[in-house]
Amino acid sequence: MGIRENFKKGSVEMIILRLLSEKDMYGYEMTQLINERSHGAIQVPEGSLYPTLYRLIDNSYISDRRERVGKRQTRVYYHIEPTGLERLDEMRAEFAIFYDGLTGIMDYEEGETSE
Amino acid sequence: MNNLSTGLQEYYRAVEREIPCSGKDKKRYLNDILESLYNLQSEQPSAGYDTASDRIGDPETLGETYKETMSAASIRKKVIHGNNLKALIVAIIGVIAICVIVFVITFIHDVRERDNMRHGFIITYPAQYLDEPWEDVIAREGGKVIYDIDEE
């Protein structure tokens with residue numbers, strides 16, 4: 001598994017919650033937005049989203065509903081629940097702490113004093 | 001699934017092969033994959049295996065992602081299910097134990113009661129004559145001997 005894949009693995013849940021905090025979306029719409037906003041750096045195919053979406057549904061962070069689009073098509077729309085918004089806030093805060101810590105390690109230069 | 005093009009059917013079977021285990025989770029996942037394929041076909045009627053792989057994901061990678069993401073959740077579910085089963089067994093044993101205790105108490109009580117009434121009768125006669133000896137009341141008013149232990 002590639003290095004980026006490893007980073008991505010831990011972030012998909014947060015990415016989904018972040019997107020759904022804007023509006024209800026269906027799977028393919030999310031994959032398109034992830035690709036677009038990350039400038040192609042993060043690509044999550046539709047099929048890879050489902051297991052994470054199931055986990056979020058099972059934990060009541062999000063809910064789903066089916067909508068008929070056109071004559072034959074149906075779309076499953078995902079909706080973030082209040083607990084999901086709380087979870088997103090927690091994840092963002094943890095991510096910020098982790099990111100700062102990681103940057104501190106990676107950008108460390110000899111002679112630099114740690115506070 | 002028969003309404004899908006051959007390429008998309010092939011893709012679906014490839015995903016099906018890559019998904020481990022069985023049961024509800026797999027069914028739910030494959031249903032969503034199938035729905036994605038129908039949507040893809042209605043948007044791009046000429047879509048085949050490769051287009052599906054690009055949009056929905058390479059079957060092998062999907063299998064890996066599924067295993068990684070679902071394994072922790074499934075284990076957690078199994079533990080919860082196991083705990084529920086244990087609780088159910090304990091509850092059943094508890095109910096049986098209570099029934100046995102009630103039966104034993106009732107049986108002992110019944111034996112004592114019979115013991116108390118040995119060489120006697122269970123009789124019924126009007127309550128207003130309770131102060132008089134029962135033999136006199138039965139002789140005068142009539143009554144009913146409903147149980148004679150000595151005759152058993």
Side-chain angles (χ1 to χ4, degrees), chain A residues 1-17 25-36 40 42-79 87 91, chain B residues 1 3-4 8 11-12 14-21 23-45 47 49-78 80-81:
Chain A
M1 188 179 274
I3 296 167
R4 207 186 298 170
E5 284 298 308
N6 269 328
F7 287 134
K8 192 176 80 182
K9 217 168 69 182
S11 328
V12 176
E13 191 176 320
M14 187 166 67
I15 292 170
I16 292 173
L17 290 175
M25 291 184 195
Y26 56 95
Y28 185 56
E29 188 179 9
M30 280 190 253
T31 65
Q32 296 290 92
L33 277 175
I34 292 168
N35 188 30
E36 188 186 309
I42 303 174
Q43 291 186 352
V44 186
E46 209 177 331
S48 294
L49 276 183
Y50 294 136
T52 310
L53 287 167
Y54 300 154
R55 207 171 57 197
L56 290 169
I57 291 171
D58 291 345
N59 287 322
S60 306
Y61 294 136
I62 63 170
S63 53
D64 60 346
R65 67 170 194 280
R66 272 168 208 280
E67 269 185 28
R68 190 168 273 276
V69 183
K71 276 184 183 172
R72 287 182 183 176
Q73 245 178 302
T74 51
R75 272 184 193 149
V76 180
Y77 277 89
Y78 298 94
H79 168 81
R87 173 81 173 162
M91 290 185 100
Chain B
M1 199 173 86
N3 299 332
L4 289 175
L8 294 184
Y11 174 84
Y12 178 81
V15 175
E16 198 176 17
R17 274 195 301 273
E18 292 295 335
I19 303 302
C21 70
K24 265 188 209 167
D25 289 335
K26 183 175 181 173
K27 207 175 164 190
R28 168 159 82 160
Y29 185 73
L30 289 174
N31 271 343
D32 280 334
I33 293 289
L34 199 59
E35 209 153 90
S36 300
L37 288 172
Y38 279 121
N39 288 341
L40 172 64
Q41 188 168 258
S42 63
E43 284 166 27
Q44 300 176 47
Y49 191 101
D50 292 338
T51 322
S53 283
D54 286 344
R55 176 162 156 172
I56 301 168
D58 165 59
E60 211 173 299
T61 315
L62 291 186
E64 277 168 27
T65 315
Y66 183 90
K67 276 177 234 167
E68 283 161 12
T69 319
M70 297 306 283
S71 57
S74 303
I75 290 166
R76 211 169 34 242
K77 235 187 236 175
K78 274 180 190 165
I80 291 168
H81 181 73

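Just so it is clear: chains get the letters A, B, ... in the order the sequence lines come, proteins before strands, and each one is counted from 1. None of these values were measured; they are calculated from a predicted model.
Counting heavy-atom pairs under 4.5 Å between each of B:Ser53, B:Ser36, B:Pro59 and chain A puts B:Ser36 at the top. Annotation: maximal heavy-atom pairing with chain A below 4.5 Å, among B:Thr61, B:Asp54, B:Thr65, B:Ile56, occurs at B:Ile56. When A:Val69, A:Thr74, A:Val76, A:Thr52 are compared by the number of non-hydrogen pairs under 4.5 Å with chain B, A:Thr74 comes out ahead. When the candidates B:Asp58, B:Asn39, B:Leu40, B:Val15 are compared by the number of heavy-atom contacts under 4.5 Å with chain A, B:Asn39 comes out ahead.
Cation-pi check for A:Arg66 over A:Tyr77 is not met; the charged atom does not lie both under 6.0 angstrom from the ring centroid and within 45 degrees of its normal.
Taking a cutoff of 4.0 Å between a charged side-chain nitrogen and a carboxylate oxygen, A:Arg75 and A:Glu29 do not qualify as a salt bridge.
For a residue to count as touching a neighbouring chain, one of its non-hydrogen atoms must lie under 4.5 Å from one of that chain's; by this rule B:Glu43 touches chain A with the side chain only.
Checked against the 6.0 Å centroid criterion, the rings of A:Tyr26 and A:Tyr78 do not qualify as a close aromatic pair.
Here the side chains of A:Val44 and A:Met30 are not in contact, with every heavy-atom distance at 4.5 Å or above.
Side chain of A:Asn35 to main chain of A:Thr31: no donor-acceptor pair is present (N/O by atom type, distance under 3.5 Å, no hydrogens or angles).
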